[in-house]
Amino acid sequence: MSFNSISEFLTMGGHGLYVWLSYGLGLVVILANLIVPLQAGKRLRVQLTRRLLREKQGS
Amino acid sequence: MSDKKWMPRWFYQLASPRWCYQICGKLLPWFTALALGLLIGGTIWALVFAPADYQQGNSFRIIYLHVPSAILAQSCYMLMAIAGAIGLIWKMKVADMVAKSCAPIGASLAVLALLTGAIWGKPTWGSWWVWDARLTSMLILFFLYLGVMALNSAIESESTAAQATAVLALVGLVNIPIIKYSVEWWNTLHQPATFKLTEKPAMPVEMWLPLLVMVIGFYAFFAVTLMMRLRNEILRRERRAGWVKELLLSKSAV
Amino acid sequence: MSGPMLQVENLFCERDDRVLFDGLGFSVDAGEIVQIEGANGSGKTTLLRILSGLSRNYEGEIYWRGEPIERVRDQFRRELLYFGHQPGVKALLTPEENLRWYCALHPALDASRVSEALEQVGLRGFEDVPCHSLSAGQHRRVSLARLYLSDAPLWILDEPFTAIDKRGVAAKEALIGRHIARGGSVILTTHQDLQGSSAVRAINLDRQGGT
Amino acid sequence: MADLLTNAAAEQAQIGPGGLFMATLRRDLLLSLRRKSELVNPLIFFLMVITLFPLGVSPEPGFLAQLAPGALWVAALLATLLSMDALFRTDYDDGSLEQLLLSPQPLFIVVLAKVLAHWMLSGLALTLVAPVIAVMLFLPAEGMPGLMLSLLIGTPTLSLVGAIGAALTVGLKRGGVLISLLVLPLYIPVLIFGTSAVQAAVTGLPLGGYLALLGALLALGLALAPLAIGAALRISVSG
């Protein structure tokens, strides 16, 4: 453990802004890379299923 | 396609989108657990337990995001180019889909590497951006990704787009070492390197061990997001195949 | 006798989410004319581009003189004359310059016969006029002159009769007839009926489409 | 009947690959010469971009002299890029490209001839007018040989790499902007070594090393680019 208190951990010895900004961005990129394909997959399945059912009724 | 016989069995199976879709589905939970464990554990280790750098202080902790994302952005480009080449030579659809799925992931990782580099630069150099050799070549790598994605979306026919993108990715692959060399050499010519971001003489174990954990965690995470995109891509491209129709209808019936 | 010149097996092609043909198979023998029929958008041009080797977006097998076509690509190109939608004529060059470059592309052609070929398509006297000042029909005939130059056994012709007057069409048909008589074969698409040629075999693409 | 079937294959090549190379070079040069505007457009563009620097930055001679190597190289690079789109486009539009791809002759010969023709009318022409424009930017006279030599060795690589982009986008209706996006990152090494050579020449340092590096890039480009261009053309036409 390299910090003695929570506030010390949060300020990061004056570099808190930079460190937390970086890790925040890291979290955003990682989450985006999970959420985007997940959402796209859901939308795709719905779209394909709908089309399939439509074709079935049509024929 | 008649001279496929010499290829090993797994390679042949990999060429089947259906098999690939299923194996990705089976592997996904494992990789997700691995990635989550490594990334969370690594982050706590990096933020709380790793010692601060004697020169840069706590801003040094950005390395645990910057370096893994930079490494991944490059590995991802390599995978994209190799998968593109396989798709080009053996007309393997799955390889084309892998290549296409790689591009946006790699681009986002390059962005992360650039942003963390810039943020790190502020306390270290006193300015948000410095034409440091590594940052510059990462920026160019990002441009290469943009080119690949732009070309892929500009061509309507999917197989043509995949082939054209593969050629471009391969040309880029040949150029990456040249670009890297020229930028590094240009950088040393213009500003004698006083303080490089990531090159530290002999990092102590308690510093690089969490870095290793983060790098492996990023690779696992990359596998997760790649497989998710790949599965979507397989469904989309194979939408008229019988197995996809069955799969969709069985899901919608429930 | 040896087998067919060109053989197509199990050809599958889709464009823009639409299956153009699936399981298409036919063969072309020496001395035969094959006419590809079908409505607009049925994939006539696509099929010709696949057969000529321009388009590789297909699945299935194509054999040239019994060999898979990927193996004998160079040989095949030497024996092919392709006449596409675009005439392949540079508007800024004269008819003669156009044909001479074509001869450079196909080393088997005799460049000294260029003026003779131009005469046969009625372009005598236009040798040094840039093609952009020729009429549309004349422009097209520059490209047709390649048929007089060529010794290639297989001709693939995409709409060869558009923008040509009646007399030109007759001359063209005679030319095709002569080619057939020499043992060559022709695969073509056209909106016109071929007259006087007995060996025409039709392949209709409308019945091929899956959806 | 039998002789027609075997004739074409057995016949000796009358025009070899060398002949095709010359014929294509001649044809492309002739085409450009007949369309005069295309011939001078890159040069005018080059001149105009250079004019922008004093107007946009500062007309002060000392400052311009410092800026000159980079400005000249960037302008040359953009001028080359500008003319790149036309390299295969007209051939694609009128069907010549199809005929070219169906030739039994090796494709890289035609490709090399076309790139050479393009370079002669862009890179080589730029190299020849560069000294005149360099004077306007107060580039010291010592820098001229470096400028000329680096442009002479560097611009062919620009044409070769640019042709890959042109071949990849030839099937698209609007390829112009896309080419820049694809090709500009790949131009960076040439830009770096080219500018360095000029700067070295200005300051009196030996410039052989930079020229050797540019030469190495050119050799690599000559060996690999025609393959990529050929593959890209086949893919674009196939689509």
Side-chain angles (χ1 to χ4, degrees), chain B residues 77 81 84-85 87-89 91 96 103 107 110 131 133 135-190, chain D residues 70 157 160-197 199-200 203 205 209-210 213-214 216-218 220-221 223-239:
Chain B
Y77 193 94
L88 205 58
I89 297 165
K91 282 191 169 185
D96 286 346
W131 289 95
L135 284 183
T136 309
S137 53
M138 187 52 63
L139 184 65
I140 297 167
L141 182 68
F142 176 58
F143 290 156
L144 289 177
Y145 274 122
L146 286 187
V148 166
M149 280 156 63
L151 183 66
N152 203 311
S153 63
I155 302 176
E156 269 172 43
S157 157
E158 280 188 346
S159 58
T160 308
Q163 291 168 24
T165 312
V167 170
L168 182 66
L170 281 172
V171 171
L173 191 66
V174 174
N175 269 282
I176 282 179
I178 301 173
I179 292 174
K180 254 191 119 100
Y181 164 75
S182 64
V183 168
E184 255 162 45
W185 173 87
W186 159 83
N187 191 246
T188 49
L189 191 80
H190 279 262
Chain D
T157 316
L160 282 165
V161 174
I164 301 176
L168 283 170
T169 53
V170 74
L172 303 170
K173 283 186 190 70
R174 302 175 137 269
V177 189
L178 194 55
I179 290 189
S180 331
L181 207 59
L182 307 185
V183 162
L184 272 179
L186 306 176
Y187 276 178
I188 284 166
V190 179
L191 176 70
I192 288 175
F193 296 132
T195 321
S196 304
Q199 275 164 350
T203 48
L205 293 170
Y210 306 111
L213 280 169
L214 284 174
L217 288 180
L218 176 57
L220 192 70
L224 295 182
L227 294 176
I229 298 166
L233 283 177
R234 289 204 192 281
I235 291 165
S236 288
V237 169
S238 172

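Here is the naming used below: chain letters follow the sequence lines, and residue numbers restart at 1 for every chain.
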Most heavy-atom pairs under 4.5 Å with chain B, out of D/Leu182, D/Thr169, D/Ile164, belong to D/Leu182
Examine whether an atom of D/Leu184 lies under 4.5 Å from a heavy atom of chain B, and if so say whether it belongs to the side chain, the backbone or both; otherwise answer neither. neither
Between side-chain atoms of residues 166-180 of chain B and protein atoms elsewhere (two or more places apart, or another chain), which donor-acceptor pairs fall under 3.5 Å?
residue	atom	partner	partner atom	Å
B/Asn175	ND2	B/Val171	O	3.0

Reported CG-to-OG1 distance for the pair D/Leu168 and B/Thr160, which is rounded to 0.5 angstrom: 11.5 Å
Among D/Ala232, D/Pro185, D/Ala228, which residue has the highest count of heavy-atom pairs closer than 4.5 Å to chain B? D/Pro185
Please identify which of these residues, D/Val190, D/Ile192, D/Leu217, D/Leu191, meets the side chain to side chain contact (heavy atoms under 4.5 Å, CB included) condition with B/Ser182. D/Ile192
Taking all non-hydrogen atoms of both residues into account, name the closest pair between D/Leu181 and B/Ala150 and its distance. CD2-CB, 3.6 Å
For the student: nearest non-hydrogen atoms of B/Ala164 and D/Ile235, plus distance: N-CG2, 3.8 Å
The side chain to side chain donor-acceptor pair (under 3.5 Å) partners of B/Thr165 (sequence neighbours excluded) come to B/Asn152
Working to the nearest 0.5 angstrom, can you tell me the gap between B/Tyr181 OH and D/Phe193 CZ? 5.5 Å
What part of D/Leu178 lies closer than 4.5 angstrom to a heavy atom of chain B: side chain, backbone, both or neither? side chain
Give, for atom CD1 of D/Ile188 and atom CG of B/Leu139, the distance between the pair rounded to the nearest 0.5 Å. 8.0 Å
